[in-house]
Amino acid sequence: MNTIFLGIVVFLCVLAVFDLVVGVSNDAVNFLNSAIGAKVAKFRTIVVIAAIGVFAGAAMSNGMMDVARHGIMTPEYFTFYEVMCVFLAVMVTDVILLDIFNTLGMPTSTTVSMVFELLGGAFAVALLKITSETPLTPEGGLLSLGDLLNTEKAISVIMGIFLSVAIAFVVGMVVMWVSRMVFTFTYRVNGKTTAYNGNMGGLTSSSLKIGIFSGIAVTSIIWFLLINGLKGSSFMSPELKEMINANTWYILGAGVLVFSVIMTTLSAFKLPVLKFVVLLGTFALAMAFAGNDLVNFVGVPLTGLDAYQDFVANGGGDPDTFLMGSLMGGAQTPAVFLVAAGVVMVLSLIFSKKAQNVVKTSVDLSRQDEGDEMFGSSGVARTLVRNSNATSKFVARIVPDRLLHWIDTRFNSEEMKLEQGAAFDLIRAAVNLVLAGLLVAIGTSLKLPLSTTYVTFMVAMGTSLADRAWSRESAVFRITGVLSVIGGWFITAGAAFLFCFLLTNTMYFGSYVAMALAIILAIYLLVRSNFKKSETRTKTEDSLFSQILKSKDKAIIWGLLCEHIRNGNATRLKFVIDTYGSMTDAFLREQYQPLRRASSLIEEERKSLKRQRKQEIVTMQRLDPLKMISRNTWYFLGINSCHQMLDCLKRINEPLREHVGNNFLPLPEAYHERFIDAKEAVLNLYGRALGMLETGDFTNAEALRIDCNTVQKQLSNDRKRALDSMQDEAANLNPLLLTIHILQESQELIGQLRHMIRGMNKFAGAED
């Protein structure tokens, strides 16, 4: 019996390692997005600094393990068997949910996952106990839900998590608005200027403002994150703590004064003060993340280990009756576990590719420039934008015009020159990190496991709104994105509760067999998720679009736009070649899976084309309108031809899937040769067009269009022969009708290829 539970505990610890890997991949957005978004250093440098903070926070994590022990349930009324059911269900659910969200590139919350999984598992066991009417209270009375669940603590944790969303957003918006009023978008920093016109501004005034701002930021970071984070360490004696608490305001005032003087002096000597603040904030927030969120990753496994050790020492081999009153005490986590967790977190942060995908979502939603939007629009977002515009107009009628004009001058982002590849400036990055760090540290000090994901994401959204990054052209998409992410958080909570509730019941009644199956399922999903081949394609056009957004030279933008269109359309042609070839081969070989796969790939390609079109329209708005008027017709001829190509593929795929899926008779051998010749003729034309787009040489465009006409006539003749063959009474009509349909759509594919090449040629100006 003990061997079985030892195996479960070992598996919990193994899952904790995977949970650390998956959780860090998800939560990397919390402390990396500001430094990456502002381009304060190379990506490697930012990750190294964050890794040091993560390790320090993990090694010095204090007391947060109590949430997993008795923060949600009251373990003195739970047996060892029931506790192990809950803990195993929590870990299996947690790893699966987090990996799903990471794969989708959506930042979710490890804190919410853990809290609601524990709540779902404990609630399942509590219901079973209540319905069984087992008198387990010291007085011999029946148990109630309030006895079994720590409802007061659970409610305070949940309220703290969700209230942090609103608080972080509002605080971020207010502080960023004040900061921008002080600095504007153009200021002197590092001996350079952020003004596009090269205006440096006064050295004294700019150094003083940056020095005071940095002094407040550094003092806040050190006080709330280092002092507060170290208060549980051995060298923080009670006398030292009492002295710090008694002189808090004196220490803070002295810190602001001293650091302001130091930072002002460094700024006057043209040193990168703001970059230092952002990197220090990255370190501090990473440290706070590890100290606050470590419980989410290892709290449950280590509590399971404590429960097992108590059971082995005192349980007498009866897991169904031995109560876990020992878990009511505080956690005494060995330092070796914390250090080991820190090592795993650091390695995960350095080598995780999913982390970069999650960071991209947050940075894109908060960037200063307009551009390609990851999300569409929703009815709720449109309503919010309309109401906000109405409120803004009402306020504008009340506030004096001169004051409005002066405020507008402080928020003129058109005069700002960002770092190459940056999404926002150093001021916003510093505000993001300082505020997020403060809120997380306050939550940690109150023993509330605030969601670092919620706090950092909502602070970033609040600061971007205050910075007027959400223009009328992009606001509806940004709001939809924010609502989608927040909706994902609530889905996480509901899914975590429900799935863990069901899994706990399954394990409770299914006993060790159900536990074994859950372990096998978790291992299978982890292996499939982490070792399957990646199917994401490299998108060169994303890099080009980023360059376009950062450039203000219209000649450079024009060249990049032409390259972007060529690359994007070349991608479409290559997709048509691959998909058309695979579908026609699958028809001849009677293979259903390639046709089924092609159906989903076509839909993905349609979304990719829509995204490409949006990027290119945004780019054309940055060019000379008179020049673009004469080119727009040819651009839309080319891009709409790509849309029609994908529609042709879809119209070919649907009847092919029905035919092959229903195991209808195949195309007779006598028609194979002509069918293959027609297919090869289409693929040859597309291959030649692809070569033109890849090289940018349209010299032979006219010859290609002539050959397209020739092949279209050949396909028309093939259709007529197929129609004549249908007069034969012995002919099988279904495959012949399908062949005629494919030939007709193939003619349409060639026609759209002619249009696209003509549109590309004229858009680039190769023809007059």
Side-chain angles (χ1 to χ4, degrees), residues 16-36 40-65 94 98 102 107-111 113-114 221-222 224-230 232-233 278-299 301-302 333 335-359 362 429 432-434 436-441 443-444 449-457:
V17 176
F18 282 99
D19 208 10
L20 284 168
V21 174
V22 175
V24 171
S25 299
N26 175 79
D27 284 7
V29 65
N30 301 337
F31 43 84
L32 294 180
N33 62 352
S34 293
I36 292 174
V40 297
K42 294 181 179 179
F43 180 77
R44 182 184 302 175
T45 303
I46 296 171
V47 169
V48 168
I49 291 173
I52 297 172
V54 165
F55 182 79
M60 295 180 291
S61 181
N62 58 15
M64 293 296 291
M65 301 295 173
D94 197 51
L98 289 180
N102 288 346
T108 187
S109 170
T110 54
T111 306
S113 298
M114 183 201 69
I221 291 170
I222 292 177
F224 281 98
L225 298 181
L226 299 185
I227 301 276
N228 192 58
L230 294 173
S233 302
V278 173
L279 291 176
L280 178 63
T282 300
F283 166 82
L285 190 56
M287 182 177 172
F289 149 75
N292 183 76
D293 281 19
L294 187 63
V295 62
N296 306 337
F297 309 134
V298 300
L302 292 181
T333 308
V336 64
F337 289 129
L338 298 177
V339 172
V343 171
V344 174
M345 294 168 82
V346 167
L347 294 176
S348 303
L349 179 62
I350 293 174
F351 295 107
S352 173
K353 293 182 179 179
K354 288 183 179 180
Q356 300 178 31
N357 189 29
V358 179
V359 169
S362 182
N432 285 346
L433 289 165
V434 171
L438 294 182
L439 291 173
V440 172
T444 303
L450 290 183
S451 168
T452 51
T453 302
Y454 287 19
V455 170
T456 53
F457 182 83

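Contact check for Val434 versus Ile221: side-chain heavy atoms found under the 4.5 Å cut-off.
Across every non-hydrogen atom of Ala436 and Thr456, the tightest pair is CB-CG2, 3.5 Å. Considering all non-hydrogen atoms of both residues, Asn432 and Ser34 come closest at CB-OG, 3.1 Å. Across all their heavy atoms, Met114 and Asp94 have their closest contact at N-OD1, 4.2 Å. A pairwise comparison of heavy atoms in Ala51 and Val346 identifies O-CG2, 3.3 Å as the closest pair. Residues Phe55 and Val339 come closest through the heavy atom pair CE1-O, 3.8 Å.
The distance from atom CD1 of Ile46 to atom CG of Leu279, rounded to the nearest 0.5 Å, is 6.5 Å. Note that the CG atom of Leu280 and the CG atom of Leu285 stand 11.0 Å from one another [nearest 0.5 Å].
A search for side chain to side chain contact (heavy atoms under 4.5 Å, CB included) contacts involving Ala50 returns Phe31, Leu32, Thr282, Ala286, Leu349, not counting sequence neighbours.
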